[in-house]
Amino acid sequence: MSVQPIIRMGHPTLRQVAQPVSDADRVSADMQQLIADMVDTLQAAGGIGLAAPQINRSIQLAIIEVTGGPSRYGTIEPIPLTVFFNPVITVLNSAEAGYWEGCLSIPGLRGFVCRPQHVRVDYTDVSGNKATLELQGFLATVIQHEFDHLAGRLYVDHIQDMTQLVFEEEWLAQQALIAP
Ligand code: ZN
C-alpha cells in the first residue's frame with residue numbers, strides 16, 4: 001500500500017473517458033492493490049473522494065468517504081468508505097443547487113457549480129454485487145463531481161459564471177469576513 005501522486009488538470013488522462021471494469025479485472029490482485037493505494041492516497045490528501053483517473057488509471061473506479069456532521073451546508077449524512085465500480089447516475093429531480101467545489105486535481109482553486117440535488121447511482125460494489133444509492137443535497141453534488149472524473153469531465157466545465165472561479169485562500173479570507 002502506498003500513497004500515489006495525484007495528477008493535475010492539464011494531464012490528458014483527466015480528459016479521457018475511463019474504461020469499464022470487467023469482473024475478471026475487478027477481482028485481480030492488481031485491483032486490490034490499486035484500491036488500497038487509492039484509500040491511502042485519499043486519506044493522505046484529506047479529500048472526500050478520489051477517482052482512479054486522478055492517479056492516472058483510466059478505469060471506472062472511484063472511492064468516496066464522507067465523515068458527515070455539521071457543515072456550512074447544514075448537517076451532512078456520512079458515507080462510509082465505499083468503492084464504486086462502473087457507476088451510472090440517474091437524475092431523479094433536476095432542481096439544482098450550487099456549492100463551492102474543490103478538486104484534488106485542481107489544487108488551490110474553488111469554483112461555484114450548480115448541479116441536480118437528487119440522484120440515484122447504480123454501481124458494482126467491492127464484492128461484485130449490484131448496488132444502488134440514492135443521494136440528495138451536498139452528497140448528490142459530491143457523487144456527480146466524483147463520477148464526472150470517469151467521463152473525462154472536471155468541475156470547472158460546469159462553472160457558468162467565471163467570476164466564480166477563485167483561489168481557495170482568497171475565498172477562505174472572504175468567508176471569514178462574512179462570518180467571522
Ligand atoms: Zn475532483
Side-chain angles (χ1 to χ4, degrees), residues 2-21 34-68 71-73 76-91 96-117 119-121 123 126 133 135-162 164-172 175:
S2 60
V3 174
Q4 299 296 308
I6 296 174
I7 60 174
R8 297 184 299 172
M9 183 167 62
H11 192 298
T13 297
L14 290 173
R15 292 309 197 171
Q16 290 171 9
V17 176
Q19 294 297 308
V21 177
L34 176 60
I35 292 169
D37 286 351
M38 286 177 63
V39 170
D40 287 350
T41 303
L42 177 64
Q43 290 177 347
I48 58 178
L50 186 71
Q54 292 181 276
I55 57 167
N56 202 18
R57 291 286 296 263
S58 191
I59 60 172
Q60 302 256 340
L61 163 64
I63 61 173
I64 289 176
E65 182 177 32
V66 179
T67 311
S71 80
R72 69 172 63 246
Y73 307 124
I76 294 171
E77 294 292 316
I79 300 179
L81 181 63
T82 306
V83 176
F84 297 88
F85 288 107
N86 307 327
V88 176
I89 285 180
T90 303
V91 174
E96 296 190 345
Y99 296 95
W100 286 94
E101 297 188 22
C103 182
L104 295 173
S105 292
I106 313 175
L109 296 180
R110 290 271 182 155
F112 191 76
V113 175
C114 295
R115 301 183 190 262
Q117 294 296 291
V119 301
R120 187 184 78 224
V121 52
Y123 64 102
V126 72
L133 208 52
L135 295 166
Q136 299 194 49
F138 177 71
L139 295 179
T141 279
V142 167
I143 212 133
Q144 288 170 83
H145 173 121
E146 222 47 60
F147 299 162
D148 263 359
H149 281 299
L150 306 180
R153 290 191 295 265
L154 298 170
Y155 80 78
V156 292
D157 305 348
H158 297 290
I159 297 174
Q160 290 167 351
D161 173 359
M162 287 306 286
Q164 306 283 71
L165 178 63
V166 302
F167 281 100
E168 189 167 37
E169 281 183 2
E170 300 286 0
W171 178 77
L172 288 170
Q175 299 297 311

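All heavy atoms count here, side chains included; hydrogens, waters and symmetry mates do not. Every value quoted in this text rests on a predicted model; they were computed, and no experiment measured them. Counting convention: from 1, in listed order, for ligands and their atoms alike.
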- Message: With a 4.5 Å cut-off on side-chain heavy atoms, are L135 and V142 touching?
- Response: no
- What one should report as the nearest heavy-atom pair of Y123 and V83 is CE1-O, 3.7 Å
- Task: Can you list, by chain and residue number, the protein N, O or S atoms under 2.8 Å from the Zn ion (ligand 1)?
- Result: C103 SG, H145 NE2, H149 NE2
- Task: Verify the neighbour count for atom CD of E96: are there more than 12 heavy atoms of other residues, nucleotides or ligands below 6.0 Å?
- Result: yes
- Is there side-chain contact between E77 and V66, with heavy atoms separated by less than 4.5 Å? no
- Message: Could you check whether any side-chain heavy atom of Q54 comes within less than 4.5 Å of a side-chain heavy atom of C103, counting everything from C-beta outward?
- Response: yes
- Item | Ion pair R115/D148, N-O distance below 4.0 Å | yes
